[in-house]
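Everything below concerns the one structure shown next.
The shown structure was predicted, so the numbers you read here are calculated from the model rather than taken from an experiment.
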Amino acid sequence: MKITIAGKEQELNFGFAFIHEINEKWNTERDGMRVNLGALYTNTALDMGDVESLADIVYFATADNDNRPGKKDVMTYMENLTIKEMESLFKDVKKGVNESVPVKFAMKKLNEMAKTSQKQTK
């Protein structure tokens with residue numbers, strides 16, 4: 001997916017650099033271990049229409065770009081969108097995230113971990 005931010009075309013990539021960035025932003029500790037929740041938080045934020053998190057997600061998806069925009073550039077880009085364009089951005093980003101093999105794998109593992117945790121509490 002490509003968008004133009006601050007006059008520069010940006011490719012949004014939801015691969016390993018994206019996973020690294022979302023996990024740096026959204027993680028927690030459990031039993032003394034870091035648990036990466038980036039994939040879960042990303043999907044939840046997109047489903048909820050969290051505009052602030054969408055700005056983070058778009059910024060993180062530009063991690064591999066040579067001409068990466070600044071976070072402020074991403075926010076300015078989003079501030080100038082119409083409601084329809086914002087809805088389209090959410091939809092397109094959600095599609096990109098859902099098609100990402102690294103994100104799918106991370107979600108699968110988080111779901112498995114949640115099921116194991118539920119069994120232990122019963």
Side-chain angles (χ1 to χ4, degrees):
M1 155 178 196
K2 292 183 181 182
I3 59 177
T4 301
I5 300 173
K8 298 176 185 170
E9 187 173 79
Q10 299 292 329
E11 178 72 36
L12 301 187
N13 184 327
F14 302 98
F16 284 101
F18 174 75
I19 286 286
H20 174 75
E21 296 229 354
I22 62 176
N23 285 336
E24 285 296 311
K25 173 83 173 176
W26 299 303
N27 63 71
T28 190
E29 284 227 2
R30 182 173 176 199
D31 300 325
M33 290 179 52
R34 177 178 151 156
V35 178
N36 293 322
L37 299 172
L40 176 65
Y41 188 86
T42 296
N43 278 294
T44 302
L46 291 172
D47 288 342
M48 291 175 44
D50 183 337
V51 178
E52 185 178 359
S53 293
L54 178 62
D56 286 332
I57 293 163
V58 168
Y59 175 70
F60 297 153
T62 64
D64 284 334
N65 296 0
D66 291 334
N67 62 347
R68 186 178 196 187
K71 179 79 182 288
K72 187 173 180 170
D73 293 326
V74 173
M75 291 187 294
T76 300
Y77 163 78
M78 290 177 58
E79 286 174 348
N80 291 307
L81 296 176
T82 65
I83 296 283
K84 189 171 184 146
E85 290 169 332
M86 183 73 74
E87 289 171 345
S88 181
L89 181 62
F90 265 100
K91 181 180 149 214
D92 293 345
V93 168
K94 178 75 172 169
K95 182 177 185 243
V97 167
N98 286 340
E99 291 174 353
S100 167
V101 171
V103 173
K104 285 181 191 178
F105 183 81
M107 286 300 294
K108 178 181 177 199
K109 290 302 179 182
L110 284 169
N111 287 329
E112 289 171 2
M113 189 174 83
K115 286 178 187 175
T116 300
S117 180
Q118 285 176 347
K119 287 179 184 176
Q120 291 174 353
T121 60
K122 287 184 180 182

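Partners of Asp73 according to the salt bridge (charged side-chain N to carboxylate O under 4.0 Å, His left out) rule, which considers only residues two or more places apart in sequence or in another chain, do not exist here. By the salt bridge (charged side-chain N to carboxylate O under 4.0 Å, His left out) test, Asp66 pairs with no residue at all, sequence neighbours left out. Residues passing the salt bridge (charged side-chain N to carboxylate O under 4.0 Å, His left out) test with Glu29: none are found, sequence neighbours excluded. Looking at residues two or more places apart in sequence or on another chain, you find no side-chain hydrogen bond (donor to acceptor under 3.5 Å, both in side chains) involving Thr116. Applying the side-chain hydrogen bond (donor to acceptor under 3.5 Å, both in side chains) test to Lys104 and every residue at least two apart in sequence or in another chain returns nothing. Under the rule for a salt bridge (charged side-chain N to carboxylate O under 4.0 Å, His left out), the partners of Glu24 that lie at least two apart in sequence or sit in another chain are Arg34. With sequence neighbours left out, the ring-ring contact (aromatic ring centres under 6.0 Å, His included) criterion links Tyr77 to no other residue. Not counting sequence neighbours, the partners of Arg30 by the side-chain hydrogen bond (donor to acceptor under 3.5 Å, both in side chains) test are Ser117. Partners of Asn65 under the side-chain hydrogen bond (donor to acceptor under 3.5 Å, both in side chains) rule, at least two apart in sequence or in another chain, are Gln10.
Residue Asn36 comes nearest to Leu110 through the heavy atom pair O-CD2, 3.7 Å, listed as atom of the first residue, atom of the second, then distance. Across all non-hydrogen atoms, the minimal contact from Ala55 to Val74 is O-CG1, 3.5 Å. Residues Gly38 and Asn23 approach most closely at N-OD1, 3.0 Å, considering heavy atoms.
In this structure, the side chains of Thr62 and Leu12 come closer than 4.5 Å at one or more pairs of heavy atoms. Using a 4.5 Å heavy-atom cutoff, the side chains of Leu89 and Met1 are in contact. Put simply, the side chain of Ile5 reaches to within 4.5 Å of the side chain of Val58, judged on heavy atoms.
Going from atom CE of Met107 over to atom OG1 of Thr42 covers 9.5 Å, rounded to the nearest 0.5 Å. A distance of 5.5 Å separates CG in Asn98 from CG in Asn43, rounded to the nearest 0.5 Å. Here the straight-line distance linking atom CE of Met86 with atom CG of Asn80 works out to 9.5 Å at 0.5 Å rounding. Rounding to the nearest 0.5 Å places CD1 of Ile19 at 5.5 Å from OG of Ser100. For the atom pair Met78 CE and Ile3 CD1, the distance stands at 9.0 Å (nearest 0.5 Å). Here the straight-line distance linking atom OG1 of Thr28 with atom CG of Leu40 works out to 11.5 Å at 0.5 Å rounding.
Applying the ring-ring contact (aromatic ring centres under 6.0 Å, His included) test to pairs two or more places apart or on separate chains, none has a residue in residues 78-117. For residues 16-50, the pairs satisfying ring-ring contact (aromatic ring centres under 6.0 Å, His included) are Phe14-Phe18, Trp26-Tyr41, Trp26-Phe60, with sequence neighbours left out. Listed by first and then second residue, the salt bridge (charged side-chain N to carboxylate O under 4.0 Å, His left out) pairs that reach into residues 43-61 are Lys25-Asp56, Asp47-Lys94, Asp56-Lys71, sequence neighbours excluded.
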> Hey, mind stepping through Glu112 and Lys115 against salt bridge (charged side-chain N to carboxylate O under 4.0 Å, His left out) and telling me if it holds?
Replying inline: CA-CA 5 Å; Glu112 289 171 2; Lys115 286 178 187 175; over 6 Å; no
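With Asn13 contributing its side chain and Gly15 its backbone, the two residues share a donor-acceptor pair below 3.5 Å.
By the criterion of side-chain heavy atoms lying less than 4.5 angstrom apart, applied directly or through intervening Ile, Leu, Val, Met, Phe, Trp or Tyr residues, Ile57 is not grouped with Met75; the two fall into different hydrophobic clusters.
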